[in-house]
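Every chain is numbered from 1 and lettered A, B, ... according to where its sequence line falls, protein lines coming before strand lines.
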Amino acid sequence: MRILSSEVTTHVGDTITLKGWVQSRRDHGGLIFIDIRDHQGITQLVIQPETAAAFALAEQLRDEYVISARGLVRDREEHLKNPHLASGGVELKVDELVILNRSEPLPIQLHGEAMASEDLRLKYRYLDLRRPKMQTMLTARADLYKRIRDFMETNEFTEVSTPIIANSSPEGARDFLIPSRIHPGKFYALPQAPQQFKQLLMVGGLARYYQLAACFRDEDPRADRLYGEFYQLDLEMSFVDDGEEVRSLTEPLIKSLVTEFAYKQLLSADVPRLTYSEAMERYGSDKPDLRYGLELIDLSSDLAASGFGVFAGALTAGGVVKAIRVPGAASLSRSQIDSFTDIAKTEGAGGLAYLTFADGEVKSPIAKFLQPAELAAIQQKTGAADGDIVFFGADARTVVNKVLGRLRIEFANHFNLKDPNVIALCWIIDFPFYEMNEATQQLDFGHNPFSMPKGGLAALAHPDKLSIVADQYDMVMNGYEICSGGVRNHSPEVMYEVFAVLGHDQAYVDARFGAMIGAFKYGAPPHAGCAFGIDRILMELTGETNIREVVAFPKNGSGVDVMMSSPSVVEAPQLTELHIETVE
RNA sequence: GGGCUCGUAGUGAAGUGGUUAUCACGCCUCCCUGUCACGGAGGAGAUCACCGGUUCAAAUCCGGCCGGGCCCGCCA
C-alpha cells in the first residue's frame, strides 16, 4: 500500500510504501537515516544493516534521488521524537528499498538558507518548484481559481472561452503578432484582453459572462507586472448601466478572498469609493495605499499672501501649495532628508521645503519667511506635533500631487507603515474620459475608448473636454490596481462622437472596431463589467513583492524564458511558409 | 530608449591596489548504530562575467561591452 507522508502517523504497525525524493541522508556507518520527501511532507526512514540489500542501496543514495521505500511504520521512543517534523513521532523501518531514479548534484540549493539568484531559479524552475514554498504557491493558485469559479457560478455567470488567436488591437499595448500562413501579409494577434469578444457576447444575448482569461501584452515588465502573458478574471453583465452594480456584486468576492483565502484583515468593512480627482488630491495617486494616512493637505488659501518666494511664485502662476505631515520625521538625518529631496526632484519638484516641529518650536530654513499666522494655520491644518516634519510641494497642481504622492509612498516605506496583515481596498471612480498628452499636447483617451461618458452625448458636447468623466472604475488593493472596469458605450452614435472629439471620422472607427460597432447597431443591451488581475491579487494576498513568485513558469525581466530559451530562432522553411523573408 | 545597481568555486556570501583570493553550504574519499542543519578526518573545485587601459603590481582604479535586478518611459 503506497501512502503519502502526511498519512504516515496514522499507519503505526502497518507495512506501507513511501515514494519520494531524498531530502537528506545521515549515514552513521552502521545505521542510515533518510528523510524522504513527497509533495505532502517529510518522513524519516531507518535502514539497518540487517536488511543488507536495502542497506547497500541506502549507502548509494544522494540528495534528490527518487526512491521507493517499503517497511513497517513504528513509533519512535520518546527521546527520539522530532518535534520539528509533522511525522516526527514515527519512522519507517525499511525492508525494501528501490532507487527509481538518480540525480546529479543540483545546480541550486533548495533547502539551505542561501537562496539561489532569481535568474538561476528560473533557469532550473523545475527544481525550484520542489521547494515547499513554491508547492504552496501552486496549490494556493489553484485554490484561488476554484474560489473564483465557485463565486461566479453561484452568481449565474457563464464561462466562455474567447479566441487566443485573435486580432491586433489598434489602441493600447503592443501586440504579439502571429503571421498568417494562409493569408500572406496578414496577421493574427494574441488578445491584450477579451474586451471586444465579451462585449459581443452581451450583444449575443449572454446575461453574465466570465472567464479566467489569458491576456497578452508586449510591454516592458516591472516587479508587479509580468512580461508577455497574465491572467484576469474577466466579466461582463448585460442590462447594467450603473457601475455600482458591478462593484457591489464583485466586492464580496474580493473581501472573501482576503479573509477566507489569505486570512488577512480588511482595513474596513466598507470599501470606500473615491473619485479620481479626490484620490489625486488626497493621495497624489489613482491607486492609493490606504493602510496609512500621510494625506496631502492643501494650504494654498492659507499661504495666499506668503512672503516665501517659492510658495508665492507657485500660487501666482495658478499652482498650489500642499503639504504632507510625517509623524516622527524629526528623527530623520540631514542626509535622509536629502535623499527624499532627490526623489522629489526626480518627480519634477524644484526642491523640498519642510518645517521641523521639535522642542516646542518650528525649525526650518524657511520658517523666517512665514508669518506667525501662516505657521499657526499650517500646524493646525496638518495637525503637526512635536517630533513631526511637514513637507511642502509648491508648483502646478498635477506636479505637486505627483511629487507628494511619490513621497507619501517613500515615507510609508521608510517608517514601515504598511501592515502586511492588513488589506485596504478601495474603488476609484469617475476617471477623466480624456486627458492631455503632455508630449504631443493633443487630447487623448484617459483610460479606454469603450467606456460610456457620464451624461452620454450631451456630456461630450461640453466645451471643456477634460472635464468629461467616464463611467469607469478601478479597484485598488494596498496600492496596487487589481481591477479595471466600466459601463460600456453600447451606442454607435455615442461611440462615433467619442472619437469625433479627437478628430477621428466614422471610417476611422469602422476600420478599427468594425465588428463591435456593427454589432451595436442590432440591439446591443447596455452592459458593464470589469477585469481583476489574478496574478497581482495572488501576489499581494500571499505577501510577495515580485509577481513572478506566484507564476509557475514566468518570463524574466527581459521577456526571456531562460529555462526553455524562448524566444528562439526558427528554421528557415518555417519562415518561408509564413511569407517572412529570412534575415541573416 | 533612459537612470540606478549588481556580476568572485556548483550555490550563497567576504574581500577597495600588494604573499598561495577567504568563509559557509554542496561535492569526493575514509571513519562512525539514534541522527534529524548528525558528527569526525582528509581532498577536489575559481578565466574574480567579458574586452581593453592605468600601474612595478588590478577581483579591487578607469573605459568599453555582455548579462541580471529595480525604476522612468511604456502598460487603451
Fill in the blank from the handout: Heavy-atom nearest nucleotide on RNA chain B taken for A/K81 and for A/Q195; more 5' hit belongs to A/K81

Problem - Base partner of B/G67, which must satisfy Watson-Crick or wobble distances under 3.5 Å - result: B/C6

Handout entry: Nucleotide of B/C36, B/C27, B/G34 approaching A/D35 most closely (side-chain heavy atoms)
Key = B/C36

Problem - Short side-chain N/O contact to B/C28 OP1/OP2 from A/R62, under 4.0 Å - result: yes

Practice task
May I ask you to verify if any side-chain N or O of A/R26 is less than 4.0 angstrom from the OP1 or OP2 atom of B/C38?
Solution key: yes

Practice task
Indicate whether the side chain of A/Y434 and that of A/D464 have a donor and an acceptor atom separated by less than 3.5 Å.
Solution key: no

Exercise for the section: Classify the ring geometry between A/F499 and A/Y508 as parallel (under 30°), tilted (30 to 60°) or perpendicular (over 60°). Expected result: tilted

Practice task
Starting at atom CD of A/Q23, determine the distance to atom P of B/G26, rounded to an integer number of angstrom.
Solution key: 12 Å

Practice task
Using the aromatic ring of A/H84 (for Trp, its six-membered ring), decide whether it stacks on the base of B/C36 within the limits of 5.5 Å and 30°.
Solution key: no

Handout entry: Row check, A/Y227 ring normal vs A/R225 NZ/CZ: under 6.0 Å, within 45°
Key = no

Practice task
Look at the side-chain N and O atoms of A/N546 and state whether any lies under 4.0 Å from the OP1 or OP2 oxygen of B/C70.
Solution key: yes

Problem - Residue-phosphate contact under 4.0 Å: A/T346 side-chain N/O, B/C72 OP1/OP2 - result: no

Handout entry: Spacing of A/Q44 atom CD relative to B/C36 atom C1', expressed in whole Å
Key = 6 Å

Problem - A/S117 side-chain N/O to B/G12 phosphate OP1/OP2 under 4.0 Å - result: yes

Problem - Rounded distance (Å) that lies between atom C1' of B/C74 and atom CZ of A/F176 - result: 14 Å

Fill in the blank from the handout: Picking from B/A37, B/G69, B/U35, the nucleotide nearest the side-chain atoms of A/N82 would be B/A37

Exercise for the section: Answer yes or no for A/R25 and A/F33: cation-pi contact, defined as NZ/CZ to six-membered ring centre under 6.0 Å and angle to ring axis within 45°. Expected result: no

Problem - Nearest-neighbour nucleotide for the A/R217 side chain, B/G69, B/C74, B/C75 considered - result: B/C75

Handout entry: Aromatic plane relationship, A/F431 with A/Y276 - under 30° parallel, 30 to 60° tilted, over 60° perpendicular
Key = tilted

Exercise for the section: Would you please say whether a donor-acceptor pair under 3.5 Å links the side chains of A/D175 and A/S168? Expected result: yes

Fill in the blank from the handout: Here the distance between atom C1' of B/C70 and atom CD of A/E410, to the nearest Å, is 12 Å

Exercise for the section: Would you mind telling me which of B/C27, B/C74, B/C36 lies closest to the side-chain atoms of A/R225? Expected result: B/C74

Handout entry: Interatomic distance where CD belongs to A/E219 and C1' belongs to B/G73 [whole Å]
Key = 10 Å

Exercise for the section: Answer with yes or no whether the side chains of A/S566 and A/S568 bring together a donor and an acceptor at under 3.5 Å. Expected result: no

Practice task
Check the distance between B/C38's P and A/I34's CD1 and give it to me in whole angstrom.
Solution key: 11 Å

Problem - Spacing between A/I343 atom CD1 and B/G3 atom C1', to the nearest angstrom - result: 14 Å

Exercise for the section: Could you check which residues of residues 119-130 of chain A get a heavy atom under 4.0 Å from RNA chain B? Sort them by number, please. Expected result: A/D119, A/L120

Practice task
Please state whether the phosphate of B/G39, meaning OP1 or OP2, lies under 4.0 angstrom from any side-chain nitrogen or oxygen of A/R25.
Solution key: no

Practice task
Take atom CD of A/Q232 and atom P of B/C75, then tell me their distance rounded to the nearest Å.
Solution key: 16 Å

Exercise for the section: Check ring-ring contact (aromatic ring centres under 6.0 Å, His included) between A/Y292 and all other residues, then give those that pass, not counting sequence neighbours. Expected result: none

Fill in the blank from the handout: Between A/F33 and A/L106, the residue closer to the 5' end of RNA chain B by nearest nucleotide is A/L106

